[in-house]
Amino acid sequence: IYLYHFGINIKLLNTLLALTGFYLLLYIPKKSVLTAGFFIGIFWFYWVGFSFKYNGIEYMEIPVALFFGIVYMLYFGVLAFTSNPLYRAVLLFLVTLFYPFNFNWMQITLPFVESYIGVYKIQFVFVLLAFSLPYYIPDKRYKYLPLLLLLLSFNYSLYPDRKEAPLKIKLASTDIPQEIKWSKKALKPTVDMVFDKIEDAILKKYDLIILPESVLPLFLNKQPYVLYRLQEYSNLIEIVVGSLYTENYNNYNVAYHFFNGKYEIAKKLVLVPFGEYMPLPKFVSHYINDYFFGGASDFKTAKDVTDFVIKGIKFRSAICYEATTDELYKNYPKYMIAISNNAWFKNSIEPTLQRLLMIYFSKKYGTTIYHVANYKGSGIITKKF
């Protein structure tokens, strides 16, 4: 993750480091397992607390980082129940089936995503067997023979081929600081900027323009003037833009698709744990929501995935976290439009981690992802790996 974050992406180095890491988890002393889990949790998720300062509770940044350290100390700590590498291998595989608080960004095979090793579970099994079985072979002549199983873990172009859609698509990323994003003084300049980007895309004859999650910081279906302008533009170019939607006293984080003077919406199906819903018992979640989030974590969800048909081509709609969840890849979509707001986590590895996760899911399901973000992370995730 950190090599990729700083622009170092050497497959051989990634492969060797990832394999070394898993080997150590199987063989290091029990106490070291707890230490490793603690620091994995912090270095992987320290950035989660960055968003708290926008709710006026910036003092929670360090406690949140420590919380993730403790959670993953316990998560990987199950390996400390035994020193037997095969038993540890079994336990390590089993914990990959469980996500603390339903937050699935600890994808255990993510270190392999830009390596020569595949990301599928069966390939991970071969890695674990290759490293754990030598423990049972006393004869030094054959002790390392199981390492040949690593050959079965390599990616031999098994991932589905992915190509870009036959459309001219504009990824209109933005860089609006989170501290001003929802302020009244920023609203008009933001709306004008969106209109300017659309007009520029029309002049350059794009078929589709995609703008980030909640780039229009308002309940768009309650803003007739802005709706009218976007519907007028949609006679010249199709538009996907993130905003909010309200109906029947419920609020939704949605993607709007404008086309031929009309529009449709894709409601978010999978909410962000602790950001848009509380993955805790109700008597606890209400208190945390009110005290730490000012009641803001109250978005509702869709009942199923949503596809937009753009110029005759079907695109799965995903909003931020959704693009890194299995639920959104139902029926193996060929193309996906993913929109994000990464300004919550400025100056952190979050955009890098998000992109690696999108590469992981793109490989896993054979989906080309068009990702547009506010702050960092925009790009097209495609090609054959």
Can you name the one residue among Lys376, Gln354, Gln178 that meets side chain to side chain donor-acceptor pair (under 3.5 Å) with Asn342? Gln354
Should the ring pair [X] and [Y] be called parallel, tilted or perpendicular, given that the plane angle runs from 0 to 90° and is split at 30 and 60?
X	Y	result
Tyr225	Phe195	perpendicular
Tyr256	Tyr263	tilted
Tyr335	Tyr370	tilted
Trp105	Phe103	parallel
Phe361	Tyr365	parallel
Phe43	Tyr2	perpendicular

Reference residue Leu79; test side-chain contact (heavy atoms from CB on, under 4.5 Å); the match among Ile28, Val90, Leu26, Val33: Val33
Residue that, paired with Met193, satisfies side-chain contact (heavy atoms from CB on, under 4.5 Å) out of Leu211, Ile198, Ile176: Ile176
With Lys330, which residues qualify under side chain to side chain contact (heavy atoms under 4.5 Å, CB included), at least two apart? Asp304, Val305, Arg316
Partners of Thr246 by side chain to side chain contact (heavy atoms under 4.5 Å, CB included), sequence neighbours excluded? Phe219, Asn221, Lys222, Asn251
Hphob cluster co-occupancy, [X] + [Y], side-chain heavy atoms under 4.5 angstrom:
X	Y	value
Ile1	Tyr99	no
Ile137	Tyr27	no
Val113	Leu25	yes

Give a yes or no on whether Lys168 atom NZ has more than 12 heavy-atom contacts from other residues, nucleotides or ligands under 6.0 Å away. yes
Should we count NZ of Lys143 as having more than 12 external heavy atoms under 6.0 Å? yes
[X] and [Y]: which non-hydrogen atoms are nearest, and at how many Å?
X	Y	answer
Trp47	Phe345	O-CD2, 3.3 Å
Leu208	Ile310	CD2-CD1, 3.9 Å
Ala323	Tyr329	O-OH, 2.6 Å

Can the ring centres of Trp344 and Tyr54 be said to be less than 6.0 Å apart? yes
Within the 6.0 Å centroid threshold, strictly below: Phe124 and Phe22: yes
One should read off an interatomic distance between Lys364 NZ and Asp326 CG, to the nearest 0.5 angstrom, of 4.0 Å
Hey, what do you get for CZ (Phe76) to CG (Leu92), rounding to the nearest 0.5 Å? 6.5 Å
Going by an N to O cut-off under 4.0 Å, is there a salt bridge joining Glu114 and Arg355? no
Can you name the residues that form a ring pair (Phe, Tyr, Trp, His ring centres under 6.0 Å) with Phe259, not counting sequence neighbours? His257
